[in-house]
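Only one structure is covered here, and it is reproduced in the block below.
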Amino acid sequence: MLNNKTIAVVIPAYNEEQQIGIVIETMPDYVDRLIIVNDNSSDKTNEIVARYINDPQYNKRGQIIKPKIINKDFYNEADIVYQQMSEEEIKYFTKSTVYNDAQDQRIILITNEENAGVGGSIARGYKWCKDHNIDCTAVMAGDGQMDPSELERICHPVIYDDIDYVKGNRLIHRSAWLVIPKIRYFGNSILTILTKVASGYWRVSDTQTGYTAISYNAICAIRLYDIYKSYGMPNDMLVKLNIALCTLKEVPIKPVYRIGESSKMKVWKVIPKISFLLMRSFIKRLWVKYLFRDFHPLFLLYNAAFIVFIIWVPYLIKVSDKIIKGELTSFETLAAFMFLGITFIQFFLFAMWMDMMDNDRLYK
């Protein structure tokens, strides 16, 4: 515990028999629960974790964490309905088996019966922490890429400052350009730019890091089973948290590579998929946050920009074709091209500026 608040670490693991032991053995003592989600591994990950569960040296007995029970009264019907929804939502997750769920055991092993992806595994771990009222839930990879000595720094804003979501930032470390593989650095930069626009957290950086901590309130504010199941999970989380008006803070962490881990991410395959995800997420954020929940002028400006852009495209094609062929463009076509292009840029940039101003309060 830290500051009398419970700490859990969700550890997604897929074929991590070589590294998972290091993660367990180096976990700080103040961590109350290690939620290891074995994503239907084909190696001995499950057996190795089970050995640690049966070893009192690592599976130390800790504080009993009981699920919260809400007693019905005249005013809390909404709380009762939410609790019922929370109990029933497990059916939307990938089917899994909890190896041990003793109230006082430190290591909890959950095994997915089919592969759910890294995002699906983290969401399943979040679900366990939500059901057991964990105050602060961090995420650390099962391959040992995250330094446990930095965990307290990640959790500190959630525990002491009531921040909803904290994420590490490797890009501001002085060694980032030297340590992070160049192709990963490049891919991260592209996705960071797209995530800024899609999520509304305009000052966020290093969007692909998985070293995070989330508060109990933030876990309850989003649909965990709807989290993107693959490598776009960190990007999707930011969009969902922004819609829920959750505060965010970044803390510097050092990049850790070449410790025996084996990357399962193919950058050139991942970028197009996540880019499409972010485009859909951006549209969803506009409609849900700025129309249904709080009608805001930027909703009109963004959509006006899109409409003008669609009208502008045929003129762009026509003018480009004339330039390529070396032919003259009529005054009417050129005027329409210039007017629509300038209008689109003005609408879009002004909407973007309003988006930045509105979301600046959420970045701490």
Side-chain angles (χ1 to χ4, degrees), residues 1-10 30-33 35 63 65-73 75-90 92-93 108 119 122-140 151-168 199-201 203-204 210-228 233-251 281 284-285 288-289 292-294 358-364:
M1 300 184 78
L2 289 173
N3 196 29
N4 292 319
K5 294 185 178 181
T6 49
I7 310 292
V9 177
V10 173
Y30 58 79
V31 175
D32 299 286
R33 294 293 186 274
I35 318 301
Q63 178 186 359
I65 303 173
K66 295 182 179 180
K68 185 182 294 183
I69 298 175
I70 301 175
N71 296 316
K72 188 174 183 179
D73 61 30
Y75 298 103
N76 68 352
E77 180 182 359
D79 294 328
I80 297 295
V81 170
Y82 175 79
Q83 186 181 49
Q84 291 173 346
M85 291 173 56
S86 183
E87 291 171 354
E88 295 172 359
E89 70 179 356
I90 188 65
Y92 297 113
F93 289 83
I108 303 296
I122 292 172
R124 182 62 184 90
Y126 278 163
K127 170 62 177 169
W128 190 97
C129 294
K130 174 184 174 182
D131 291 343
H132 292 80
N133 304 311
I134 300 296
D135 295 308
C136 176
T137 301
V139 174
M140 295 178 69
L151 179 61
E152 186 171 356
R153 187 189 310 164
I154 294 285
C155 294
H156 188 281
V158 174
I159 296 299
Y160 294 96
D161 303 325
D162 292 325
I163 301 297
D164 293 312
Y165 192 67
V166 181
K167 57 180 292 298
S199 71
Y201 291 117
R203 286 196 280 162
V204 77
Y211 208 167
T212 62
I214 188 170
S215 69
Y216 175 75
N217 289 335
I219 277 185
C220 293
I222 61 177
R223 293 180 179 176
L224 299 176
Y225 57 83
D226 195 37
I227 293 174
Y228 191 69
M233 181 267 180
N235 315 81
D236 186 49
M237 274 290 291
L238 289 172
V239 177
K240 287 178 166 54
L241 290 166
N242 185 275
I243 292 174
L245 299 179
C246 292
T247 53
L248 179 142
K249 184 179 180 67
E250 289 187 300
V251 297
S281 298
K284 180 179 179 180
R285 181 172 70 88
V288 174
K289 184 177 179 180
F292 300 135
R293 292 189 178 178
D294 178 23
D358 183 67
N359 285 289
D360 196 55
R361 59 198 163 114
L362 299 180
Y363 195 98
K364 303 297 180 180

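For the pair Lys240 (side chain) and Ile222 (backbone), a donor-acceptor distance under 3.5 Å is absent. Side chain of Asp32 to main chain of Ala8: no donor-acceptor pair is present (N/O by atom type, distance under 3.5 Å, no hydrogens or angles). Of the possible polar contacts, none joining the Asn359 side chain to the Tyr201 backbone as a donor-acceptor pair under 3.5 Å is found. Looking at Tyr211, its side chain does come within 3.5 Å of a backbone N or O of Leu151 through a donor-acceptor pair. Judged by distance alone, with hydrogens and angles left aside, the side-chain atoms of Thr247 form no donor-acceptor pair with the main-chain N or O of Leu362 at under 3.5 Å. Side-chain atoms of Asp236 come within 3.5 Å of backbone N or O of Tyr228 as a donor-acceptor pair. Put simply, the side chain of Tyr165 never gets that close to the backbone of Asn242: no donor and acceptor are under 3.5 Å apart. The backbone N or O of Ile243 sits less than 3.5 Å from a side-chain atom of Arg293, completing a donor-acceptor pair.
Annotation for Tyr92: atom OH does not count as buried by contact number, only 12 or fewer foreign heavy atoms lying within 6.0 Å. Surrounding CZ of Arg203 are more than 12 heavy atoms belonging to other residues, nucleotides or ligands, all under 6.0 Å away.
In this structure, Lys130 and Ser86 have side chains that are in contact, with non-hydrogen atoms separated by less than 4.5 Å. Annotation: side chain of Asp358 is in contact with side chain of Lys289 (closest heavy-atom distance under 4.5 Å). In this structure, the side chains of Cys155 and Ile7 come closer than 4.5 Å at one or more pairs of heavy atoms. Under the 4.5 Å side-chain criterion, counting only non-hydrogen atoms from C-beta, Val204 is in contact with Glu250.
The ring-ring contact (aromatic ring centres under 6.0 Å, His included) test applied to Phe93 returns no partner, not counting sequence neighbours. For Tyr160, the ring-ring contact (aromatic ring centres under 6.0 Å, His included) partners at least two apart in sequence or on another chain are His156. Among residues two or more places apart in sequence or in another chain, the ring-ring contact (aromatic ring centres under 6.0 Å, His included) test is passed with Tyr363 by none.
Closest heavy-atom contact between Lys167 and Leu238: CD-CD2, 4.5 Å. Taking each heavy atom of Ala213 and Ile154 in turn, the nearest pair found is CB-CG2, 3.5 Å. Taking every heavy atom of both residues into account, Ala123 and Ile227 meet most closely at CB-CD1, 4.1 Å. Closest heavy-atom contact between Arg153 and Val251: O-CG1, 4.0 Å. Nearest heavy atom pair, residue Gly125 against residue Ile35, reads CA-CG2, 4.1 Å.
Distance check, rounded to the nearest 0.5 Å: CG of Asn217 to CD1 of Ile163 gives 12.5 Å. To the nearest 0.5 Å, atoms OG (Ser215) and NZ (Lys5) are separated by 9.0 Å. Taken to the nearest 0.5 Å, the CG atom of Asn4 stands 10.0 Å off from the CD1 atom of Ile159. Interatomic distance, SG of Cys220 versus CD of Gln83, reported as 11.0 Å (0.5 Å rounding). In this structure, Tyr126 OH and Leu224 CG are separated by 8.5 Å, a value rounded to the nearest 0.5 Å.
We find that Lys249 and Asp164 are not joined by a salt bridge, their nearest charged nitrogen and carboxylate oxygen being 4.0 Å or further apart. Under 4.0 Å is where a charged nitrogen must lie from a carboxylate oxygen, and between Lys127 and Glu89 at least one such pair does.
No option in Thr137, Asn133, Asp135 other than Asn133 meets the side chain to side chain donor-acceptor pair (under 3.5 Å) test with Tyr216.
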Start with the C-alpha distance between Val9 and Arg33, add both sets of side-chain angles, then the distance that settles side-chain contact (heavy atoms from CB on, under 4.5 Å), and finish with yes or no. CA-CA 6 Å; Val9 177; Arg33 294 293 186 274; over 6 Å; no

Full working for side-chain contact (heavy atoms from CB on, under 4.5 Å) between Leu2 and Glu152: CA-CA 9 Å; Leu2 289 173; Glu152 186 171 356; 4.1 Å; yes

Please determine whether side-chain contact (heavy atoms from CB on, under 4.5 Å) holds for the pair Leu241 and Leu248, giving the CA-CA distance in whole Å, both sets of side-chain angles, and the decisive distance to 0.1 Å. CA-CA 9 Å; Leu241 290 166; Leu248 179 142; 5.5 Å; no

Val10 vs Arg124, test: side-chain contact (heavy atoms from CB on, under 4.5 Å). Steps then yes/no. CA-CA 9 Å; Val10 173; Arg124 182 62 184 90; over 6 Å; no

